[in-house]
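Values below: every heavy atom of this structure, side chains too, minus hydrogens, waters and symmetry copies. Note on naming: letters A, B, ... go to the chains in the order of the sequence lines (proteins, then strands), and numbering restarts at 1 for each one. Quick caveat, the model's predicted, so the values are computed rather than measured.
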Amino acid sequence: MPHHRKTDNKDFFTRVYEVTKLIPYGRVTSYGAIARYLGTGRSARMVGWAMNASHTSSIFIPAHRVVNRNGFLTGKHHFGNTKTMQQLLENEGIIVENDQIVNFSEKFWDPATELK
DNA sequence: ATTCTGACAGCAA
DNA sequence: TTTGCTGCCAGAA
């Protein structure tokens, strides 16, 4: 990919969504893990941007399954209600205490090792 | 064209 | 252990 234009930017968001959609029900991953899987390991913040934009997408993107590297629900304020993200996770059997996922290592799904 | 901003992550203190 | 700073880089407050 020699060039990097607007269409490519859109591809980045699309690629982020593609990976996000593959996160299994009841599992979670991190912004950085998605970034690394896409080969842009230093663009974790951009993954956050993509999650923010995903809410306006007509396609369902399970953005609630993306948390920070320590399992904290750092994106909770970007859902309609402050409690929404946690509720969505709890609906999938994930336990959240003090904005952090319990047994995070067991729930963690790393695209780099799970996808081939 | 320029500047500002973050749903992060890593590391220095 | 915890906090604070810095690099990051695509969008647009």
request  = Determine: side-chain N/O of A:Arg69 to OP1/OP2 of B:dG10, distance under 4.0 Å, yes or no.
outcome  = yes
message = Is the phosphate of B:dA9 approached by A:Ser30 (side-chain N or O, under 4.0 Å from OP1 or OP2)?
response = yes
ask   = Between the main-chain N or O of A:Pro62 and the side-chain N or O of A:Thr20, is there a donor-acceptor pair closer than 3.5 Å?
value = no
key: Non-neighbouring partners of A:Thr74 that pass side-chain contact (heavy atoms from CB on, under 4.5 Å), sequence neighbours left out   = A:Tyr31, A:Asn68, A:Phe72
message = Using a heavy-atom cut-off of 4.0 Å across all strands, would you classify A:Asn52 as base, sugar-phosphate, or nothing?
response = base
query = At under 4.0 Å between heavy atoms, what does A:Phe72 touch on the DNA or RNA strands: base, sugar-phosphate, or nothing?
reply = nothing
ask   = Mind pulling the stems DNA chain C is in, i.e. runs of at least three Watson-Crick or G-U pairs, everything under 3.5 Å?
value = B:3-6 with C:9-12, B:8-13 with C:2-7
Proximal nucleotide (of C:dC8, B:dC8, C:dA10) relative to the A:Met46 side chain = C:dA10
query = Which pair of heavy atoms, one from A:Ile94 and one from A:Arg27, lies closest together, and at what distance?
reply = CD1-N, 4.2 Å
ask   = Got a donor-acceptor pair under 3.5 Å from the side chain of A:His64 to the base of B:dA7?
value = no
task = State, yes or no, whether a side-chain contact exists between A:Phe108 and A:Ser30 at a heavy-atom distance under 4.5 Å.
result = yes
ask   = Does a side-chain heavy-atom distance below 4.5 Å link A:Ile95 with A:Asn103?
value = no
